[in-house]
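Everything on this sheet refers to the single structure shown next.
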Amino acid sequence: MRVMVIIKATQDSEGGKMPSQQALAAMGAYNEELVNAGIMVAGDGLKSSATGKRVRFEGGKPTKVIDGPFAETKELVAGFWIWNVNSMDEAVEWLERCPMDPNSTADVELRRFSEPEDFGEAFTPELQAKEEALRQRVEGQA
């Protein structure tokens, strides 16, 4: 099962404070563990919302572009991983090993990806084949 590990923003991350060399090395070692275990599919950090934009859609059409920064830090994402695990419990176990700054508080959210069977009959075999073909093209571009 695939999960997205969503690292929530903090005042430091939104303020553009970069991690120390020690923190970067610890995270690099943790990422290497994830890769060696076959867990990590992808992952990256994000710049603060000051460099971002939001696009509002109404009635299915884009109606407004909003420049960052965005006010609610606790609702923002600072980084992510995509992991392939056997269960949510396994994802939690891996996350509990993550090196985090002992002098700060961080929230990390784990969310399962939707799988084809989650969509029921609406996701026909034809639509599934088209989706799989697109995934193969994306992987080929990487």
Side-chain angles (χ1 to χ4, degrees), residues 1-124 127-142:
M1 123 177 143
R2 292 176 308 137
V3 298
M4 179 170 272
V5 183
I6 304 164
I7 299 100
K8 298 292 187 140
T10 64
Q11 286 184 349
D12 284 349
S13 67
E14 273 300 288
K17 181 179 178 189
M18 290 293 132
S20 68
Q21 181 178 1
Q22 181 181 2
L24 289 170
M27 191 58 70
Y30 178 67
N31 285 339
E32 188 171 2
E33 267 189 84
L34 291 168
V35 170
N36 290 341
I39 300 295
M40 186 170 163
V41 176
D44 235 317
L46 302 172
K47 290 191 173 275
S48 78
S49 70
T51 65
K53 294 186 181 289
R54 286 185 178 161
V55 179
R56 176 167 294 140
F57 286 79
E58 294 178 17
K61 305 253 189 266
T63 59
K64 186 175 186 180
V65 176
I66 305 158
D67 293 326
F70 308 120
E72 288 295 323
T73 300
K74 67 181 182 180
E75 300 298 327
L76 300 174
V77 177
F80 72 95
W81 284 287
I82 297 174
W83 291 350
N84 201 356
V85 293
N86 293 313
S87 67
M88 276 299 229
D89 289 340
E90 181 184 13
V92 169
E93 288 171 13
W94 275 101
L95 187 55
E96 288 175 339
R97 297 166 56 183
C98 182
M100 291 290 192
D101 181 351
N103 300 314
S104 69
T105 300
D107 288 319
V108 180
E109 185 176 334
L110 294 163
R111 302 264 305 270
R112 288 184 64 178
F113 277 81
S114 296
E115 300 296 342
E117 57 272 12
D118 296 327
F119 295 99
E121 293 178 11
F123 198 35
T124 65
L127 290 173
Q128 289 182 45
K130 285 183 178 182
E131 177 71 20
E132 182 58 30
L134 285 174
R135 285 182 191 273
Q136 295 297 322
R137 284 180 52 197
V138 168
E139 288 178 15
Q141 294 173 356

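Counting begins at 1 with the first residue of the sequence.
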Taking the side chain as every heavy atom from C-beta outward, state whether [X] and [Y] have any atom pair closer than 4.5 Å.
| X | Y | result |
| --- | --- | --- |
| E33 | M40 | no |
| I7 | W81 | yes |
| I39 | E90 | yes |
| M88 | M1 | yes |
| W83 | L95 | yes |

Quick one: pull up [atom1] in [X] and [atom2] in [Y] and give me the separation to the nearest 0.5 Å.
| X | Y | atom1 | atom2 | value |
| --- | --- | --- | --- | --- |
| D107 | T10 | CG | OG1 | 10.0 Å |
| M27 | D101 | CE | CG | 10.0 Å |
| R111 | F80 | CZ | CZ | 14.5 Å |
| K53 | D67 | NZ | CG | 3.5 Å |
| L134 | E139 | CG | CD | 11.5 Å |
| R54 | K64 | CZ | NZ | 11.5 Å |

Look at atom [atom1] of [X] and say whether more than 12 heavy atoms of other residues, nucleotides or ligands are closer to it than 6.0 Å.
| X | atom1 | value |
| --- | --- | --- |
| E131 | CD | yes |
| Q22 | CD | no |
| R112 | CZ | no |
| Q136 | CD | yes |
| R97 | CZ | yes |
| Q21 | CD | no |

Could you report the tightest heavy-atom contact between [X] and [Y], atom names first, then the distance?
| X | Y | result |
| --- | --- | --- |
| A78 | S13 | CB-OG, 3.8 Å |
| A122 | L127 | O-CD1, 3.4 Å |
| I82 | M4 | CG1-CE, 4.1 Å |

Please list, one pair per line, the donor and acceptor atoms closer than 3.5 Å that link side chains of residues 43-50 to other protein atoms, with sequence neighbours excluded.
unit_1, atom_1, unit_2, atom_2, d
S48, OG, A50, N, 3.3
S49, OG, E14, OE1, 2.5
S49, OG, F70, N, 3.0

Applying side-chain contact (heavy atoms from CB on, under 4.5 Å), run through R2 and E115 and close with a yes or a no. CA-CA 9 Å; R2 292 176 308 137; E115 300 296 342; 3.8 Å; yes
Do you see a donor-acceptor pair shorter than 3.5 Å between the side chains of Q128 and E132? no
